[in-house]
Amino acid sequence: MLADCTSWQDVAAVLAAADSTGRLNSVHVAAAAATLARLAAAERAAAAAAAPADGGTAAGEALVLRGVVPQSKQQRLRMCVVRKAVAAAVAAGWRSRWHPADSQPAAVFSPTAADVHGDAQRRAGASATPWDDQEAAEQAAAAGGSSFSIDARQHLLEQLCAAVAAAWPGMSPASMTGAAWSLAVLGEALPEGALPSAGAAAGSAQGLAVQLWALARLGLCPPPAWLAAWLAAMWAALPAARSHDTAMAAWALASLGVAPPGDWLAALCGRAGALAGRLGPQELPPLLWALARLRYRPQLRVAQALLLRGQALAAAGQLSPQGLALLLWAPAALGLAPRSGWVDALLAAACGYLPLFRAREASALLVGLVRLGHIPGEAWLREWWQHTAGMLPYAHGRQLVLLLWGSVQLGQAPPAWWMHAWQAATVRAMAAGQVSSQGYGIMWAALQQLELELPPAWLGVYWRASSSPAALAGLDCLAAERSLAGLAAVAGRLPEGLAPPRQWAAAFLAASLQLLPRANMDNLAGLLAAAGQLQLALPQPWLAAAMARLAELLAAQGIVSTCRTAAGSSSSNNSDSSSLRSRGQSAGVRAHLSLSLAARLQRRRLAVQLARVLAGLRAQQMLASPPGRRARQGDAAMDAASAGSRGALGVADALSTWPWLADAVRVTWPDSRAAEQALRALSGGS
């Protein structure tokens, strides 16, 4: 009888009928859950399609309450019999647990206009059924829908979940699989401690795929023993798997974060490649996404078959915006390099769907293009700017950052009107706390490459939002370097400069201080150089931690001696600094001549980084000098930025505090004269 149900009210009636006679069992419970899952999916689709035409959400909810699955004449007759049987049982004193206490079936299944009309026809000798009159049938449907409210639906769902939990130990493996899938669709949890047996559908790839898909939808990761049994069962069933089974299994594994052995994934991809021509628009994008998440690159012939199938689906207009975005994002994530013709074909298909794109799909598509290194044509970009501008007010902060970053990475400067919309949207996103510390780093990495002036109001929101504890919680070395370097680059283009507020500087430096022991050479050089450009006075603990990490990195590469970098060695080594200078100078020249080409390039890279470090230290020394000296040097802006916050270094403190720094410069710089000039500038000489 559950196959005849076309509404939640029908399911409640069938369950009540079986319960009233004592014939309700675990098979009925699992089948009822599957029926509700099917109805819920159909109702959501119908409500989404009808709501815009009918005037909004209220119309969609009314449609859901009535039920939308068509019902045949025979089904209507059978359900009429069930309703009357339940009403009779309630009239005899039985209470239905499937209905709320105030909406028992005796009231719900009272005679409707259709029943009255049918009784009149039978008394007149007519052969028509009570449901043949269309108007009466519509009245009956409306009456049934209005009596079975949202509260009644919730009550039915709660009772069904309780029945599944009670029947779970005695369910067959197939019933467990069906119940797990149904509860996943309905958004409900499995009974505590319960898992469908990994052999629930031995020999059936479809059943095994549904099992894991349901668990992934519920966010329930099985224990290793269960997963091992499932992988073994699926391995045996793969030769008979359908295309849908392979996509569902791969998606479930990736969603759960389970990485099977390479030969297992090879077998799955081989089966998917053999069935590539049957992969549909709902199967191919999730399959590619799953392989990218699992970091598994299929064999070239399999990858080619999958990408060609994607191109065919896109040309036929069968891929959704999400499918198109995933199809462009996945190849680069898999380490594949499709031909430009393949990318152009997908972009041509996506162009017609751009009005339907959301910010999430648009940002994923752009990231895919960046990774593939493919720049779209001018006409396509015009459509892109036009349609993405409309989605900016509704985009999440992460998507706003990626849209700007992707455009810059492709070498495209957004139009001025697009940037105005982007700035307004990011003000909203920053104020709402939607931009993470990594997001701010990526944002400044993009902004520093654009010739634009940021409004004071935008900067004010940035200072407040980016210095909050929540925004700084996930700060890492790269994000810190990007943020400070981006601010320095933008400040360099402003006539009045850009002095970070004292509160922002204190919060940022306190958070970045904890990261310095994990920083690399690029991070340290970038942070020190940017702080100097921003005229940001660094506290002594911060500067000491940064230089200690720099000494550690240089010692690890054999540039300086570990004993030379020890804290207590500075005073004892000051006496022979002149001899070290001459030895370091000659040793640096000889070392450069004897190194291989790769080692020379590495030394040159270190020299560039050390030059940035020296520039940053020189700025810190100037910040720590008396205000009169800074004024004479024309550094009024620097004085304002560091007022009340004296730096950690004196004019000639850097080389005496860290004598190994001079050794590192002389060893890495190929031009000894330039090295000495840089050191004299740092020590305050001419």
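The backbone N or O of G397 sits less than 3.5 Å from a side-chain atom of Q434, completing a donor-acceptor pair. Judged by distance alone, the side chain of Y353 and the main-chain N or O of G317 form a donor-acceptor pair under 3.5 Å. The main-chain N or O of W380 is never found under 3.5 Å from a side-chain atom of E383 such that the two would form a donor-acceptor pair. The backbone N or O of G474 sits less than 3.5 Å from a side-chain atom of S437, completing a donor-acceptor pair. A donor-acceptor pair under 3.5 Å is formed between the side chain of W230 and the backbone N or O of L208.
Shortest non-hydrogen contact noted between G270 and V302 is CA-CG2, 4.3 Å. Closest approach of L319 to P285, counting heavy atoms only: CD2-CG, 4.0 Å. Shortest non-hydrogen contact noted between A359 and M391 is CA-SD, 3.4 Å. When all heavy atoms are compared, the tightest approach of A249 to M234 is CB-CE, 4.0 Å. For the residue pair A250 and L294, the shortest heavy atom distance occurs at O-CD1, 4.5 Å. Listed here is the closest heavy atom pair of R278 and S243: O-OG, 3.4 Å.
Within the 4.5 Å cutoff, no side-chain heavy atoms of W384 are placed close to those of P376. When side chains are defined from C-beta on, T388 does not count as touching L354, because their heavy atoms never get closer than 4.5 Å.
R242 meets the salt bridge (Lys or Arg N to Asp or Glu O under 4.0 Å) test with D245; sequence neighbours excluded.
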Please table the atom pairs, donor to acceptor, closer than 3.5 Å between any side-chain atom in residues 326-348 and protein atoms at least two apart or in another chain.
{"unit_1": "W342", "atom_1": "NE1", "unit_2": "L307", "atom_2": "O", "d": "2.9"}
{"unit_1": "D344", "atom_1": "OD1", "unit_2": "H374", "atom_2": "NE2", "d": "2.8"}

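Between L402 atom CG and L365 atom CG the span is 12.5 Å, to the nearest 0.5 Å.
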Check against side chain to side chain contact (heavy atoms under 4.5 Å, CB included), W405 and V367: CA-CA 9 Å; W405 172 84; V367 170; 4.3 Å; yes
Side chain to side chain contact (heavy atoms under 4.5 Å, CB included) between L392 and L403, intermediate numbers included: CA-CA 9 Å; L392 293 178; L403 286 172; 3.8 Å; yes
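Identified under the side chain to side chain donor-acceptor pair (under 3.5 Å) test for residues 300-327, with sequence neighbours left out: Q299-R301.
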